[in-house]
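Okay, so here's the structure we're looking at.
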Amino acid sequence: MIEATQGSPSSGAALAALLLSVATVSAGYGIVLPILPLMLQEIDGPNAATEVARHTGLLTAVHALALFLFAPVWGWLSDHQGRRVILIVGLVGFSVSLLLSTIRPTIGVFYAERFFTGLFASAIAPVASAVIADHGGSDAWRARHLAWVSMASVSGFLLGPMLSGFLATLSTVVSSGGAVARQSYELPFLAVSIVALLAASAVRIWVPSCNATSSADQIQSRLSFDPNVRTIWRLRTIGFVVAIGIGAFEVGLTLRGSQDLGMGPRQVALMFTACSLVMFVVQAAVFSPMVAPASTRWFIMPALITMAVALILVPRTTDFTALLAIVAVVAASAGILSPILTYWVSLEGGTSKGAELGKQTAVTSLGQALGSLVGA
């Protein structure tokens with residue numbers, strides 16, 4: 001049984017801990033993108049272009065597959081055991097998993113790291129969203145704070161490639177007699193691992209120990225269960241389609257930047273930085289006080305169409321400036337859709353918000369895994 005809520009998840013410190021947690025696991029995913037092809041080249045050799053492309057897609061898919069398998073489990077556990085303990089377990093496990101990449105990796109170790117970071121990362125975003133959804137505030141309050149969770153994820157994704165692109169250019173001397181050096185690919189993983197432990201400490205101190213759904217929320221849940229199910233699955237279908245496009249886009253952009261367009265880690269990081277900045281701004285605008293939460297459903301179809309057109313143009317564009325503009329359009333569309341879908345699923349989730357948000361994460365992660373394979 002879920003225990004009664006102690007403390008308020010709406011306090012500034014608790015919200016900050018939740019947002020830091022979401023941003024950290026997102027950064028743990030983002031740090032890999034600019035340097036993944038280069039790390040694989042160290043393992044497979046500089047001439048193994050086919051293997052690099054294949055492993056780039058598979059490694060991204062493995063991470064997303066772990067999210068698909070375990071997000072519903074973590075969400076269900078948070079409904080029954082409390083939100084805080086799941087967040088702490090997820091963050092500590094995520095931190096330890098990242099350390100696998102600080103050793104000299106083999107391809108097997110790299111796959112294990114991607115799987116286990118996905119496994120533990122899947123506990124964070126849906127459970128943090130459930131903490132927000134548990135709070136008995138107005139629809140506008142929930143919409144705004146769920147958007148903050150999404151924006152924290154974008155911020156982490158923004159920081160991750162920037163951190164990776166910078167730290168990967170630092171060198172470590174490996175020969176005492178000369179200037180022989182190699183790129184320090186392990187440093188971004190170590191940095192995010194440390195931040196994940198700090199986030200776990202913040203959650204332990206400030207997030208309430210139990211985040212039960214209040215009796216008021218139970219009364220307000222929909223009386224008819226079947227319409228809830230139909231609505232949620234429509235939202236999941238949309239999220240699945242969007243995730244396929246985003247997965248193909250991320251992997252395809254990574255490979256095109258490093259292999260076809262000759263970009264270094266910093267240039268690839270710049271592309272993803274621009275993408276994240278656009279998503280952040282769009283989400284802030286859509287869920288600002290000027291937009292009624294109930295009206296956000298009208299943004300879904302235009303955003304889907306716009307993203308589809310932009311994704312078609314990405315592989316046909318070779319000019320860096322034009323590609324950057326198209327990336328911005330894809331980012332704007334995805335930035336609109338992600339928090340809107342989360343918000344409406346949280347409304348329809350009734351007393352099982354953690355489980356339903358976990359399932360939403362699982363479905364979108366499966367779409368991202370399929371998209372990653374297509375993009376490779």
Exercise for review: Evaluate the side-chain proximity of Thr364 to Arg236: yes if any heavy-atom separation is below 4.5 Å, no if none is.
Suggested key: no
Point to revise | Co-membership, hydrophobic cluster, residues Val242 and Leu313, 4.5 Å side-chain | key: yes
**Study point:** Contact check, side chains of Leu91 and Leu197, non-hydrogen atoms, under 4.5 Å
**Key:** no
Review point. Say you draw a straight line from CD1 of Ile31 to CG of Leu187; how long is it, rounded to the nearest 0.5 Å?
Key: 10.5 Å
Check your understanding: Does any non-hydrogen side-chain atom of Leu20 lie less than 4.5 Å from one of Val203?
Key -> no
Review point. With a 4.5 Å limit on heavy-atom distance, are the side chains of Leu190 and Leu98 in contact?
Key: no
Exercise for review: Kindly work out whether a path of hydrophobic side-chain contacts (I/L/V/M/F/W/Y, heavy atoms less than 4.5 Å apart) joins Val195 to Phe189.
Suggested key: no
Point to revise | Close side-chain approach of Arg83 to Val207, heavy-atom, < 4.5 Å | key: no
Exercise for review: Using atom types as modelled and distance alone, determine if a side-chain donor or acceptor of His80 lies under 3.5 Å from a backbone N or O of Trp76.
Suggested key: yes
Review point. Quick one: are Leu15 and Trp148 in side-chain contact, heavy atoms under 4.5 Å?
Key: yes
**Study point:** Side-chain (Thr117) to main-chain (Arg114) donor-acceptor, under 3.5 angstrom
**Key:** yes
Exercise for review: May I ask whether Leu370 and Leu59 are part of the same hydrophobic cluster, defined by side-chain heavy atoms of I, L, V, M, F, W, Y residues being less than 4.5 angstrom apart, directly or through others?
Suggested key: yes
Check your understanding: Going only through I, L, V, M, F, W and Y residues with side-chain contacts under 4.5 Å, is there a path from Tyr29 to Leu99?
Key -> no
Study note, to complete from the structure: Residues Val85 and Gly82: closest non-hydrogen pair is CG1-O, 3.5 Å
Exercise for review: Decide yes or no on side-chain contact (heavy atoms from CB on, under 4.5 Å) for Val149 and Leu18, but give the supporting numbers first.
Suggested key: CA-CA 8 Å; Val149 172; Leu18 293 174; 5.8 Å; no
Practice item. Quick one: closest heavy-atom pair of Arg142 and Ile132, and the distance? Key: O-CG2, 4.2 Å
Practice item. Search all heavy atoms of Gln360 against all heavy atoms of Leu235 and return the closest pair with its distance. Key: NE2-O, 3.8 Å
Exercise for review: Kindly write out the residues that satisfy ring pair (Phe, Tyr, Trp, His ring centres under 6.0 Å) with Tyr111, not counting sequence neighbours, or none if the list is empty.
Suggested key: His55
Practice item. Would you check if the side chain of Ser21 reaches a backbone N or O of Ala17 as a donor-acceptor pair within less than 3.5 Å? Key: yes
Review point. Between Thr361 and Trp74, is any side-chain donor less than 3.5 angstrom from a side-chain acceptor?
Key: no
Review point. Do Phe287 and Ile340 pass the side-chain contact (heavy atoms from CB on, under 4.5 Å) test, and can you show the C-alpha distance, the side-chain angles, and the key distance before you say yes or no?
Key: CA-CA 9 Å; Phe287 281 95; Ile340 289 176; 3.9 Å; yes
Check your understanding: Quick check: does any side chain N or O of Thr342 sit under 3.5 Å from a backbone N or O of Ser338, one acting as donor and the other as acceptor?
Key -> yes
Review point. If we only count heavy atoms from C-beta on, is the Val192 to Thr24 side-chain gap below 4.5 Å?
Key: yes
Review point. For the atom pair CG (Leu77) and CZ (Phe70), what is the distance rounded to the nearest 0.5 Å?
Key: 11.5 Å
Check your understanding: For Ser153, does its backbone N or O pair with a side-chain atom of Ser26 as donor and acceptor, under 3.5 Å?
Key -> yes
Point to revise | Gap between atom CD of Glu356 and atom OG of Ser129 - 0.5 Å precision | key: 13.5 Å
Practice item. Determine the minimum heavy-atom distance between Thr306 and Pro302, stating which atoms define it. Key: OG1-O, 2.8 Å
Review point. Distance from Thr237 atom OG1 to Ile232 atom CD1, nearest 0.5 Å?
Key: 12.0 Å
Revision key, fill the gap. When rounded to the nearest 0.5 Å, the distance separating CZ of Phe115 from CZ of Phe110 is 16.0 Å
Practice item. Using the side-chain contact (heavy atoms from CB on, under 4.5 Å) rule, pick out the option among Ile86, Val73, Val131 that qualifies with Ser78. Key: Ile86
Check your understanding: If you look at every heavy atom in Gly118 and Ala66, which pair is closest and at what distance?
Key -> C-CB, 3.7 Å
Review point. Do Ser193 and Ser95 have a side chain donor and acceptor closer than 3.5 Å?
Key: yes
Practice item. Would you confirm whether Arg204, through its side chain, and Ile88, through its main-chain N or O, come within 3.5 Å as a donor-acceptor pair? Key: no
Practice item. Return yes when atom CZ of Phe116 has more than 12 non-hydrogen atoms of other residues, nucleotides or ligands closer than 6.0 Å, and no otherwise. Key: no
Review point. Sub-3.5 Å donor-acceptor pair from the side chain of Ser333 to the main-chain atoms of Val329, do we have one?
Key: yes
Check your understanding: Step by step, would you call Arg84 with Val127 a side-chain contact (heavy atoms from CB on, under 4.5 Å)?
Key -> CA-CA 9 Å; Arg84 186 176 71 174; Val127 176; over 6 Å; no
Review point. Short question: side chain of Gln283, backbone of Gly335 - any donor-acceptor pair under 3.5 Å?
Key: yes
Exercise for review: Nearest 0.5 Å please: distance from the CD1 atom of Ile326 over to the CD1 atom of Ile312.
Suggested key: 11.0 Å
**Study point:** Glu113 vs His63 side-chain heavy atoms within contact, under 4.5 Å
**Key:** no
Review point. What are the two closest heavy atoms between Ala196 and Phe94, and how far apart are they?
Key: CB-CD2, 4.0 Å
Practice item. In sequence, state the C-alpha distance, the side-chain angles, and the governing distance for Phe120 and Val25, and then conclude on side-chain contact (heavy atoms from CB on, under 4.5 Å). Key: CA-CA 9 Å; Phe120 289 106; Val25 296; over 6 Å; no
Review point. Does one hydrophobic cluster hold both Leu198 and Leu159, with members joined at side-chain heavy-atom distances below 4.5 Å?
Key: no
